[in-house]
Amino acid sequence: MEYEFILRIFIAALLGSLIGLEREYRSKEAGFRTHFLVAMGSALFMIVSAYGFQEAMGDDDLQRWDVSRVAAQVVSGIGFIGAGTIIFRKDENVVSGLTTAAGLWVTAAIGLACGGGMYVLSIVSTLLVLVGMEAFNYFLHRFDKHRKS
């Protein structure tokens with residue numbers, strides 16, 4: 001079972017790194033290391049939540065553990081980190097960092113999915129995030145060129 005957990009954490013870290021590399025390439029606030037840590041940490045929290053307390057439960061069928069509670073707290077906690085990446089520049093009347101915050105949020109979700117053993121869902125979600133970020137970036141730049149001319 002330990003090797004399965006290591007695989008889950010490894011895949012989560014790898015997928016988070018892919019998203020982080022895209023952010024790093026674009027010189028955004030949270031890059032490779034941040035996304036790597038968020039995905040890996042989320043997977044670890046999920047594994048510990050689901051499997052870390054089985055010895056404490058013993059054979060007592062009357063005890064029930066809600067593993068989703070830790071996942072819910074990861075969502076709240078990552079919102080706190082994401083809020084730190086959002087900046088409002090009053091002089092320019094511009095908000096920046098929303099995409100980075102959303103990227104951290106979805107990276108945490110991908111980490112939780114990996115921690116839950118949902119590899120295909122995690123991989124497809126990562127690919128969709130990367131395609132979405134690249135496609136939106138491409139179309140936004142094309143739109144800006146048309147708007148400026």
Quick one: are [X] and [Y] in side-chain contact, heavy atoms under 4.5 Å?
| X | Y | value |
| --- | --- | --- |
| Phe88 | Asn93 | yes |
| Met133 | Lys28 | no |
| Ser96 | Arg89 | yes |
| Val95 | Leu98 | yes |

Can you measure from [atom1] ([X]) to [atom2] ([Y]) and round to the nearest 0.5 angstrom?
| X | Y | atom1 | atom2 | value |
| --- | --- | --- | --- | --- |
| Ile9 | Leu14 | CD1 | CG | 13.5 Å |
| Leu21 | His35 | CG | NE2 | 10.5 Å |
| Ile110 | Cys114 | CD1 | SG | 7.5 Å |
| Ile78 | Ser42 | CD1 | OG | 5.5 Å |
| Thr107 | Arg23 | OG1 | CZ | 9.5 Å |

For residues [X] and [Y], report the shortest heavy-atom separation together with the two atoms involved.
| X | Y | value |
| --- | --- | --- |
| Ala113 | Leu121 | CB-CD2, 4.5 Å |
| Ala39 | Ala12 | CB-O, 3.1 Å |
| Gly82 | Leu104 | CA-CD1, 4.3 Å |

Is there a path of hydrophobic side-chain contacts, each under 4.5 Å between heavy atoms of I/L/V/M/F/W/Y residues, joining [Y] to [X]?
| X | Y | result |
| --- | --- | --- |
| Ile81 | Leu37 | no |
| Phe10 | Phe5 | no |
| Met40 | Leu18 | no |
| Tyr119 | Ile19 | yes |
| Leu112 | Tyr51 | no |

Subject >> Other residues, nucleotides, ligands: >12 heavy atoms within 6.0 Å of Arg33 CZ >> reply: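 Counting neighbours around CZ of Arg33, 12 or fewer heavy atoms of other residues, nucleotides or ligands fall under 6.0 Å, so no.
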Check for a donor-acceptor pair, side chain of [X] on one end and backbone N or O of [Y] on the other, with a separation under 3.5 Å.
| X | Y | value |
| --- | --- | --- |
| Thr126 | Ser122 | yes |
| Glu24 | Phe32 | yes |
| Thr100 | Ala30 | no |

Original post:
Could Glu4 and Arg8 be called an ion pair, given the rule that one side-chain N must be under 4.0 Å from one carboxylate O?
Top reply: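 Salt bridge: yes.
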